[in-house]
Amino acid sequence: MKNLSLEEKEREFQAKIDADQKIEPNDWMPDEYRKTLIRQISQHAHSEIVGMLPEGNWITRAPNLRRKAVLLAKVQDEAGHGLYLYSAAETLGSDREKTIDDLNAGIAKYSSIFNYPTVTWADMGTIGWLVDGAAIMNQVPLCRCSYGPYARAMVRVCKEESFHQRQGFEIVMKLAQGTPEQKALAQESLNRWWWPALMMFGPNDANSKHTAQSMKWKIKRETNDELRQKFVDITVPQAEMIGLTIPDADLKWNEERQSYDFGAINWDEFMNVVQGNGPCNKERIAARREAKENGLWVREAANAFAEKRKARQAS
Amino acid sequence: MSNKEWPLWEVFIRSKQGLSHKHVGSLRAADAEMAIDNARDVYTRRSEGISIWVVESKLVTASDPREADALFDPADSKVYRHPTFYDVPDGISHM
Ligand SMILES: [Fe+2]
Ligand SMILES: [Fe+2]
């Protein structure tokens, strides 16, 4: 076994990353790499779990059985995404229950988008189309992330996300092609979600403190602004195709850049929501806390049942 | 009654008859049967499997990545174990 100094270990580690080799759970890694990943993966996991709440809100009120079955399946997938990710975080030595308790105590962060309310059925469409669309944009590069378990979880997640986006787009499209009232519903929903969706990519690169190191470690493969631009370029024609208007007076095709220019994002709003003052932050955390407390007897009963089954099998 | 944490399980799935089980991830469950039920819901929602193995994570013994060189280097020098080591003259077929 080689006895290396910390600097030598760090150099070897970076060389592995530069050579596009994956890092696996038992491999040596710098403490900061581990910490950064635990923070990012657990925040990602929380986002999947909290993300079930705004959509769960409409399961009982879906307009028909098909929509209800689809929405249920979609929300169940998000639960699965949360589980893959909590497991990936555990491979780095993070304590799963403590991670969840941090969320429930309001200490941990999750995607700010889920702190907005879902007030109409059209929001189920807009979320699938824009929010899952933005999530895909973020998650596809993560399939090539340097940390093996995270990258593998992302491959599974991405396979499932395209169904999410399509089912959402279908809802929006149906409404946009429906009665004037239905079309208005779709437009009104787009008006509310467009800007928060753009905020999902995080602060501008100039203000994103973790970006440079994360890119070097290949935890992140594309910057916030690059991903946001891609999202805008892909989504604008989709809105046009179904006759909806993006709520941005400054949105304009830039022939030279072959890309859309778009208006300034309200970062004060973003920071305010991140800091816990969005329309639904308190409600979301309260719902998660209740879920843990009210589920306690189920977890205890499962333990008791496991004991009993073990005793029965032993005799 | 204790509210002890459910143990961690490693999940292996056989995707179809004729293929071996492959590690897909892990999950928490109170016991093995529950781990299989949970694995069904977490890892096979789209018919990804026809058979599931679960193993409690703490029972897995893994080789130490720091010992990887000592463990695997000996095979590197034995190139004669590969068919490409040998020259087969032109005209010889089925070999
Ligand atoms: Fe998801
Ligand atoms: Fe999704």
Side-chain angles (χ1 to χ4, degrees), chain A residues 1-4 9 12 16 23-29 72-74 76-91 95-98 100 148-150 152-153 155-157 159-160 163 292-293 295-313, chain B residues 1-16 20-49 52-74 76:
Chain A
M1 202 200 313
K2 288 178 281 185
N3 260 325
L4 298 177
K9 281 185 185 162
E12 276 198 358
K16 253 170 111 177
I23 307 301
E24 294 295 341
N26 294 332
D27 294 345
W28 186 86
M29 60 187 85
L72 257 176
K74 199 257 183 199
Q76 193 190 4
D77 274 353
E78 305 300 4
H81 297 176
L83 294 179
Y84 311 151
L85 287 160
Y86 282 128
S87 293
E90 277 194 282
T91 65
D95 179 329
R96 190 181 189 120
E97 281 314 303
K98 178 167 181 315
I100 291 168
Y150 192 25
R152 293 192 285 273
V155 171
R156 290 192 70 83
V157 165
K159 273 189 200 154
E160 301 179 350
F163 140 61
K292 179 153 186 178
E293 282 161 16
L296 177 62
W297 72 269
V298 180
R299 295 193 300 281
E300 285 180 344
N303 277 333
F305 184 66
E307 289 295 327
K308 197 168 139 190
R309 187 146 57 184
K310 206 160 101 194
R312 204 185 305 137
Q313 280 163 355
Chain B
M1 162 119 26
S2 71
N3 174 32
K4 72 168 169 41
E5 260 182 56
W6 295 346
L8 193 64
W9 301 81
E10 298 303 319
V11 180
F12 301 80
I13 306 267
R14 185 200 296 286
S15 58
K16 63 177 194 199
S20 40
H21 287 76
K22 190 169 164 243
H23 184 245
V24 293
S26 50
L27 50 74
R28 296 226 168 231
D31 65 6
E33 281 86 349
M34 185 183 186
I36 287 188
D37 290 343
N38 289 359
R40 197 273 314 258
D41 291 341
V42 177
Y43 292 107
T44 67
R45 286 194 302 283
R46 288 175 178 75
S47 318
E48 290 97 334
I52 300 172
W53 287 352
V54 292
V55 181
E56 209 178 326
S57 307
K58 69 174 186 207
L59 298 179
V60 174
T61 307
S63 64
D64 184 342
R66 287 168 305 171
E67 308 278 3
D69 288 352
L71 202 56
F72 300 112
D73 274 358
D76 292 348

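Residue numbers begin at 1 in each chain, while the letters A, B, ... track the order of the sequences.
- Counting non-hydrogen atoms of neighbouring residues, nucleotides and ligands closer than 6.0 angstrom, the CZ atom of B:R40 reaches no more than 12 such neighbours.
- The local environment of CH2 in A:W297 is sparse, with at most 12 non-hydrogen atoms from other residues, nucleotides or ligands closer than 6.0 Å.
- If you tally non-hydrogen atom pairs under 4.5 Å between each of A:A302, A:A73, A:P149 and chain B, the highest count goes to A:A302.
- Contact residues of residues 25-34 of chain B toward chain A are B:S26, B:L27, B:R28, B:A30, B:D31, B:E33, B:M34 (heavy-atom distance under 4.5 Å).
- Contacts between A:R152 and chain B at a heavy-atom distance below 4.5 Å are absent for every atom of the residue.
- Taking CG from A:L4 and CZ from B:R66, the interatomic distance works out to 11.0 Å, rounded to the nearest 0.5 Å.
- Partners of A:F305 under the side chain to side chain contact (heavy atoms under 4.5 Å, CB included) rule, at least two apart in sequence or in another chain, are A:R309.
- Looking only at distances, a side-chain donor or acceptor of A:N303 sits under 3.5 Å from a matching main-chain atom of B:K4.
- Within 6.0 Å of the NZ atom in A:K308, the count of heavy atoms belonging to other residues, nucleotides or ligands does not exceed 12.
- You'll find the side chain of B:W6 reaches within 4.5 Å of the side chain of A:R299, heavy atoms only.
- Using a 4.0 Å cut-off between charged side-chain N and carboxylate O, A:K159 and B:E48 make no salt bridge.
- Both the backbone and the side chain of A:E160 come within contact range of chain B, judged by heavy atoms closer than 4.5 Å.
- Nearest heavy-atom pair across B:E5 and A:D95 is OE2-OD1, 4.0 Å.
- In this structure, A:R156 contributes its side chain and B:Y43 its backbone to a donor-acceptor pair below 3.5 Å.
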